[in-house]
Structure formats: structure tokens, C-alpha cells
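One structure below.
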Amino acid sequence: MPELPEAERARAVIQDRALGRRIAAVDDADVWVCRPHAPGEIAAALTGATLTDAHRRGKMLWVDTDRGPVLGLHLGMSGVIDVDAEPAAGSWDRFALEFDDGGRLALRDKRRLGRVILDPDLARLGPDAADATRAEFRRRVGRGSAPVKARLMDQSVIAGVGNLLADEILWRARISPLRPAGDLDPDELDGLRRSVRAAVRDSIRRGGSHTGELNPHRVRGGICPRCGTPLVRSTVGGRTTFWCPSCQPGAG
DNA sequence: ACCTATGTTGATAC
DNA sequence: GGTATCAACATAGG
């Protein structure tokens, strides 16, 4: 269920349960998930190293090692990090570190849209959605003719907002997902930023991007939990989108 | 059976 | 460059 909240949970799991452990072996045989690395390449870089720190920006995770190489992890659409879980049949382990204490860190990902990459390039990733300053947020988000929802989900603009979180954020901010981002005035952008921070904070606390107030109503026939108006369902920024035409007026 | 749907991102074309 | 579309993966459901 990976958006920012799930990535943060995964980072915390790595931090709490995997740091300080030494890598005895690496399973990097899945050439799709580990692309563009050849099988054995990640293993060669990491075997013998100890995990020293776990970081996150948006949905991107990376783990430092005492040997230098950095292990980049992305959960994609269905990935989960498991520490010390048995690799049962059907558990969809696509990558794993085996520690010299007998434990194991695995990327479990049925759909294989997750990613493992050495020394990930973070240059094209915007600031974490919850860390952008007001000025930075106004400047980065409040431009362009694309719908504001697409702008929020663009990881090079701000990092971490996915489809469910975007709908929740816009609903909280009472802004239509269809409004061209560049048409928002500074007050609206400040309000949008407040909603981003509040939605991110709440979803991390409650345990995921599916825990928003709007989410249970994000179904055909759903109504606005604030005013009872039937929600509109459409495609915005290429993704299924629900919003309240009464609370979130504007284009559409 | 066939079509749609699903939390992501990247490549590609205009 | 910005924007829109499709493809990559695997599965579920009408």
C-alpha cells in the first residue's frame, strides 16, 4: 500500500530491527526488481557490510552501510519490508539480505513494481512532502497548467504523495483536483500545504494512506463525509479520482 | 472469456 | 520543458 506513510513505516522497521546487523548473503536474483544490476552485483557490493542508517524521502528508502555502498529500496505499488519473517512459499520475496545472525530482511512484492538499486540518485526527487517550506511549496507546486492533483503526485515537485493521499489532501483543503496548479493563489497554496502536512501526519499515526477520512467513501456511489453530496468520480492525472463538487468547487 | 480495476514509475511522443 | 499516454508487473472481480 505504499505511499509516504507506508514508506515511513518500512524505514522505521529497518531502523529499529535491521541496523547494526552484518550481511552474510544477498538474494538479488530477480533481474526485474534489481534492474539494471546483474545478478550478483548487489551481493558483491553488500556482502560483509553492516547496515548503519535508514533514510527516507517521499517514497524512496535508502540504507547506508559501513562499506560505502548505499542500498536503495522502493516499495512500488505492492511492496512490503519484512524483517526476520520466514520466506514461506507464496510470500513473494523479490530481494533479501541474510544476516550473519541467521535473520533476514526481505522485500516482499507480489506485483514486482518495487525496486532495489545501489547508490540511488535522489537528484530528481523533490523535497519530502511534509518538509517543504511555505515558500518552497508555493514555488514548486503553484505552477503549470496541469491539474493540481497531478502536480501533487509529481515526485520531482514534492515527494511522497500518491493517489489516495492526494484525494484526501485536496478534500481537506477544499480544492478541486482539476484546478490548474498555476491558478492557485498564495493563500490557497498555503492551505494546501497545511492539508498535506496534516494528512501525512495523521496517516503515519493511523498506519497508512488508506486511513484518511475520505477513503472509505472513495467508491462508486460514495458521498462526501462532510456535506453528504455525492462524490464525483473521474480520471485526473491518469488516476482514478474522487472529489466533492460542493466542497471542492472550481473547474469540474 | 473479456474487460476493468488496483497504492508506482519510467519511457515516449506531441 | 511540460504534459499526456502507455507500458511494465500480477492479480481480483464484474
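Order of the sequence lines fixes the chain letters, A, B, ..., with proteins taken first and strands second; residue numbering starts at 1 for each chain. Keep in mind that the numbers below use all heavy atoms, side chains included, and drop hydrogens, waters and symmetry copies.
- In summary, contact between chain A and DNA chain C, defined as any nucleotide atom under 4.0 Å from a heavy atom of the protein, begins and ends at C:dT3 to C:dT11 in the 5' to 3' direction.
- Taking 4.5 Å as the limit, some side-chain heavy atom of A:R56 sits within range of a side-chain heavy atom of A:D128.
- B:dT12 sits 15 Å from C:dC9 when the P atoms are compared, rounded to a whole Å.
- Applying the salt bridge (charged side-chain N to carboxylate O under 4.0 Å, His left out) test to pairs two or more places apart or on separate chains, those with a residue in residues 65-82 of chain A are A:D82-A:R108.
- The closest side-chain heavy-atom distance from A:D109 to A:R111 is below 4.5 Å.
- Along DNA chain C, the nucleotide nearest A:W92 and the nucleotide nearest A:W32 are compared for position; the residue whose nucleotide lies closer to the 5' end is A:W32.
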- Note on the structure: Encoded 5' to 3' (Watson-Crick or G-U under 3.5 Å; [ ] crossing; | other strand), DNA chain B becomes .|||||.|||||||
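- Scanning for side-chain hydrogen bond (donor to acceptor under 3.5 Å, both in side chains) contacts around A:D28 gives an empty result, with sequence neighbours left out.
- The shortest side-chain heavy-atom distance between A:R179 and A:E188 falls under the 4.5 Å cut-off.
- Residue pairs meeting the ring pair (Phe, Tyr, Trp, His ring centres under 6.0 Å) criterion with at least one member in residues 84-121 of chain A: none, sequence neighbours excluded.
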Show me the donor-acceptor pairs, under 3.5 Å and distance only, between side chains in residues 38-50 of chain A and residues at least two apart or in other chains.
residue : atom : partner : partner atom : Å
A:E41   : OE1  : A:A38   : N            : 2.8
A:E41   : OE2  : A:H37   : ND1          : 3.1
A:T47   : OG1  : A:A43   : O            : 2.6

Do any N or O atoms of the protein come closer than 3.5 Å to N or O atoms of nucleotides 8-10 of chain B, and which pairs are they?
residue : atom : partner : partner atom : Å
B:dT8   : OP1  : A:K59   : NZ           : 2.6
B:dT8   : OP2  : A:N163  : N            : 3.2
B:dT8   : OP2  : A:R239  : NH1          : 2.6
B:dT9   : OP1  : A:H74   : NE2          : 3.4
B:dT9   : OP2  : A:K59   : NZ           : 3.3

Taking only distance into account, with no hydrogens and no angle test, what donor-acceptor pairs under 3.5 Å do side-chain atoms of residues 190-197 of chain A form with protein atoms, sequence neighbours excluded?
residue : atom : partner : partner atom : Å
A:D190  : OD1  : A:R138  : NE           : 2.9
A:D190  : OD2  : A:R138  : NH2          : 2.7
A:R193  : NE   : A:A132  : O            : 2.9
A:R193  : NH2  : A:A132  : O            : 3.4
A:S195  : OG   : A:A173  : N            : 3.4
A:S195  : OG   : A:G191  : O            : 3.3
A:R197  : NH1  : A:A130  : O            : 2.7

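- Screening residues 57-88 of chain A for ring pair (Phe, Tyr, Trp, His ring centres under 6.0 Å) gives A:H55-A:W62 as the qualifying pairs, with residues at least two apart or on separate chains.
- A:R233 comes within contact range of the sugar-phosphate backbone alone, with a heavy-atom separation under 4.0 Å but no base atom that close.
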Would you be so kind as to tabulate the donor-acceptor pairs closer than 3.5 Å made by side chains of residues 116-126 of chain A, with sequence neighbours excluded?
residue : atom : partner : partner atom : Å
A:D119  : OD1  : A:V70   : N            : 2.9
A:D121  : OD1  : A:A123  : N            : 3.0

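- Proximity of a side-chain donor or acceptor of A:Q248 to a complementary backbone N or O of A:S246 within less than 3.5 Å is not detected.
- Between A:E136 and A:R139, no side-chain nitrogen of the basic residue sits less than 4.0 Å from a carboxylate oxygen of the acidic one, so the salt-bridge criterion is not met.
- Using atom P as the reference point in both C:dT3 and B:dG7, the two lie 23 Å apart (nearest Å).
- Among pairs with a residue in residues 218-245 of chain A, those fulfilling salt bridge (charged side-chain N to carboxylate O under 4.0 Å, His left out) read A:D167-A:R218, at least two apart in sequence or across chains.
- Against DNA chain C, the stretch residues 139-146 of chain A makes heavy-atom approaches under 4.0 Å through A:G144, A:S145, A:A146.
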